[in-house]
Amino acid sequence: MSETQATEARTFEPPQELAAQANVGPDVYAEAEGDRPAFWAKAAGRLTWETPWDEVLDWSNPPFAKWFVGGKLNVAYNCLDRHVEAGHGDQVAYHWEGEPGDTRTFTYAQLTEEVCRAANALTELGVQAGDRVAIYLPMIPEAVISMLACARIGAVHMVVFGGFSADALASRITDAGATLVITSDGGYRRGSASALKPAVDDAVERTEGVRNVLVVKRTGQDVAWSEGRDLWWDDVVAKQSSEHTAEAFDAEHPLYIMYTSGTTAKPKGILHTSGGYLTQVAYTHWAVFDLKPDTDVFWTAADVGWVTGHSYIVYGPLANRATSIMYEGTPETPHRGRWFELIEKYRVTILYTAPTVIRTFMKWGADVPEGFDLTSLRLLGSVGEPINPEAWLWYHKNIGGGRCPIMDTWWQTETGAHMLTPLPGVTSLVPGSAQHPFPGIAAKVVDDEGNELSDDSTGLLVLTEPWPSMLRTIWGDDDRYVDTYWSRFGKTVYFAGDGAKKDADGNIWLLGRVDDVMNVSGHRISTTEVESSLVGHPAVAEAAVVGASDPTTGQGIVAFVILRESGTDSGDELVQTLRSHVAKDIGPIAKPRQIMVVQELPKTRSGKIMRRLLRDIAENRELGDVTTLTDSSVMNMIKDKLPAAPSED
Ligand code: WTA
């Protein structure tokens, strides 16, 4: 068994002051355990319903769940109007900052008006409840306004991350059957204006059914124009009335589709609905981040084109009347301290981001955050991949000043909201583990047959009870929904696709996707464990590990590492040192067959390392689809580093 992830023996108790005033205390677990439906009903009661539900959960036809059956609500009303009606119209909903440094501020009253105008505009363009609207925008306020305008009129939004190709956009527009696309001329990234509209023009050419393209002016760059089809946002939206009466929709009315890549080439359109989704994103946002609407300044540093943005930039924070930050650009523009500058400027109290960003900050060095006043921060969050203890401790010390608890939240596009996480006023934190199922969530670690495993054995993570924000299906493909998630262990057990183990204290450790669990000479070794060991070495900033097929051992471990900038020698000697380091850390079985020092790793737009491509390189195969890469030249750089044959021991 590996000790790598347990090498950090310290645990971190909740800060006393936080625990004393925390939104949820320790009793919440027992309460939820005692009566799960009653617990979620209470969480749903934090929202405003036009018609109360008759039944909390209908699970009579698994895996097709219905939550809050018969209930009706309007999601946008819950995010906006009700706060204004309660006298909070002047509270800031978003402090938005563009990459070039321009700013816009929206109070709840202003945001409500903008959303009403946009809702009236969509209606004028013929968009009706149930219609699908594609949103392809940079991180500008109109992205949020468009999403909420759709929600307000019951249209289903389908946000496509602004960095995706025309190809990816076209296939999503077709699969979803979108009739309207909302885009902009361009957006700012890495110091320059990058165009978006050409990709939309190209995509719409190749699809049928798009009647209009609504274009927000962001950069002012030239755009091609299709008369009759293309409309400027300012022309259509600005003239609308700022009054709009929100109609209540069924709790199970579709809210949005978000495409996510699966193991096959065709992306899956994950469908989320209204009442259950909003219940769980709002409740988790309030409980996990201990959100205090009157005093906190909340920042999810992610893109709205990702589920994290949907749940924790838009719906959760707005439902809780949070004041949030929204930032358009990249962390290093115009300098590496940009995020820290924003934290200082807006006195951010809660920061939620991904481990890959933290490891980038580690690479840049602690002196960058040291140059800014980060004392406003009181709580930190992590999402997207396992956070190795090394990065956790660095984040805790160098960004959190040693005083901010870190919420390592495990969840997926499919789960809609947090599923495994500590609670800030309750949990003794164990760096590197997402720890416990959230109250009201049932998770287990099982073997291939679905039997619950004893402590410390590696298995598969499953969810054994339905939850309010669960996906309802894959858009247009119920069979694929059942096959992908609910067939391995029967129709009531959700297979998450992640490897996990539970330690003797009941903490759950995520070990990466199961297709990333390597099998070396009959031993299961997680890519994450080896990565964690590698980044635990002072010379390494970031590491990606894959299992490449090996004639002798089944799979051989191949590691790609980025070194820290402190100028360590990248020669053979270091490679041998690192191999021995891993062997010592985990066991000789985990000693990488090969370690390649590279400048960059191929990542998806949401920051995940594309192990599939690395595996192709390690096995010298033709490369698969690279359309979702942030920079396909990364692959060439890595290929250039590839030795002719694996290095011998
Ligand atoms: C991984 C992102 C470990 C996991 C919200 C999951 C994590 C996939 C964590 C979903 C975490 C996410 N610890 N692994 N805290 N959070 N993951 O759909 O493999 O982009 O299955 O949703 O990310 O990624 P997705």
Side-chain angles (χ1 to χ4, degrees), residues 5 159 161 164 256-263 267-272 277 280-281 284-285 288 300-316 352-359 380-389 391-392 395 406-422 427 429-438 441 443 445 460-463 469-471 474 484-485 494-501 507-517 526-529 531-532 544 603-612 628:
Q5 297 193 324
V159 180
F161 177 67
F164 272 123
Y256 70 83
I257 304 169
M258 163 115 275
Y259 284 85
T260 176
S261 39
T263 43
K268 301 174 283 197
I270 303 301
L271 178 71
H272 284 291
Y277 174 78
Q280 194 174 332
V281 295
T284 51
H285 177 257
V288 174
T300 289
D303 196 282
V304 285
W306 188 27
V307 73
T308 303
H310 281 48
S311 299
Y312 298 106
I313 294 177
V314 184
Y315 291 111
Y352 187 37
T353 190
T356 180
V357 179
I358 295 158
R359 290 194 298 264
L380 302 172
S382 173
V383 57
E385 53 179 316
I387 178 164
N388 47 295
W392 196 104
Y395 191 25
I406 299 176
M407 300 298 108
D408 177 2
T409 59
W410 177 89
W411 58 295
Q412 307 176 300
T413 305
E414 292 88 339
T415 70
H418 298 156
M419 299 298 283
L420 300 181
T421 173
T427 316
L429 303 176
V430 179
S433 165
Q435 299 198 273
H436 311 303
F438 187 79
I441 300 299
V445 178
L460 305 170
L461 182 71
V462 294
L463 303 169
S469 63
M470 63 194 277
L471 75 167
I474 292 174
T484 309
Y485 304 107
Y494 174 86
F495 171 56
D498 277 16
K501 90 182 163 201
N507 298 301
I508 297 180
W509 298 77
L510 278 313
L511 303 173
R513 302 291 304 180
V514 278
D515 31 12
D516 297 333
V517 176
S526 155
T527 51
T528 312
E529 280 179 307
E531 286 165 8
S532 183
K603 290 191 185 144
T604 63
R605 310 284 179 186
S606 62
K608 277 191 221 319
I609 292 166
M610 298 188 80
R611 289 205 177 68
R612 181 172 52 81
T628 54

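Remember, predicted model here, so these are calculated numbers, not experimental data. Because only heavy atoms are used, hydrogens play no part in the values below, and waters and symmetry mates are left out as well, while side chains stay in. We count residues from 1, following the sequence as given. For ligands, and for the atoms within them, numbers begin at 1 and follow the listed sequence.
In terms of protein heavy-atom proximity, atom 20 (O) of ligand 1 is nearest to Trp306 NE1, 3.1 Å. Atom 10 (C) of ligand 1 has its closest protein heavy atom at Trp411 O, 3.6 Å.
Ion pairing between a basic and an acidic side chain is recognised when a charged N comes within 4.0 Å of a carboxylate O; Arg359 and Glu531 show no such pairing.
Within the 4.0 Å heavy-atom criterion, the part of Glu385 lying near ligand 1 is the backbone and not the side chain. Contact annotation: for Pro386 versus ligand 1, heavy atoms closer than 4.0 Å belong to both the backbone and the side chain.
Under the ring pair (Phe, Tyr, Trp, His ring centres under 6.0 Å) criterion, Tyr277 pairs with Tyr256, His272, Tyr315, not counting sequence neighbours.
Taking only nitrogen or oxygen atoms, main chain and side chain alike, Thr413 reaches within less than 3.5 Å of ligand 1. Polar contact check, Ser382 against ligand 1: no nitrogen or oxygen pair lies under 3.5 Å apart.
Of the possible donor and acceptor atoms, one in the side chain of Ser433 sits under 3.5 Å from a partner among the backbone N and O of Gln435. The main-chain N or O of Tyr312 is found under 3.5 Å from a side-chain atom of Thr300 such that the two form a donor-acceptor pair. Distance alone, capped at 3.5 Å, is enough to place a donor-acceptor pair between the Thr528 side chain and the Leu511 backbone. In this structure a side-chain-to-backbone donor-acceptor pair under 3.5 Å is missing from Ser311 to Thr308.
Nearest residue to atom 19 (O) of ligand 1 from Asp498, Val383, Ile387, Thr409 is Asp498 (criterion: closest heavy atom). Residue nearest to atom 23 (O) of ligand 1, selected from Ala434, Gly384, Gly499: Gly384 (by heavy-atom distance).
Atom numbering of ligand 1 starts at 1 in the shown order; those under 4.0 Å from a heavy atom of Asp408 are 11 (C), 13 (N), 15 (N). Numbered from 1 in the order shown, with element, the atoms of ligand 1 that lie under 4.0 Å from a heavy atom of Leu510 read 3 (C).
For the ligand labelled ligand 1, residue Gly497 lies outside the 4.0 Å heavy-atom shell.
Side chain to side chain, Thr484 and Lys268 fail the donor-acceptor criterion of an N or O pair below 3.5 Å. The closest side-chain donor-acceptor pair between Tyr352 and Thr409 falls under 3.5 angstrom.
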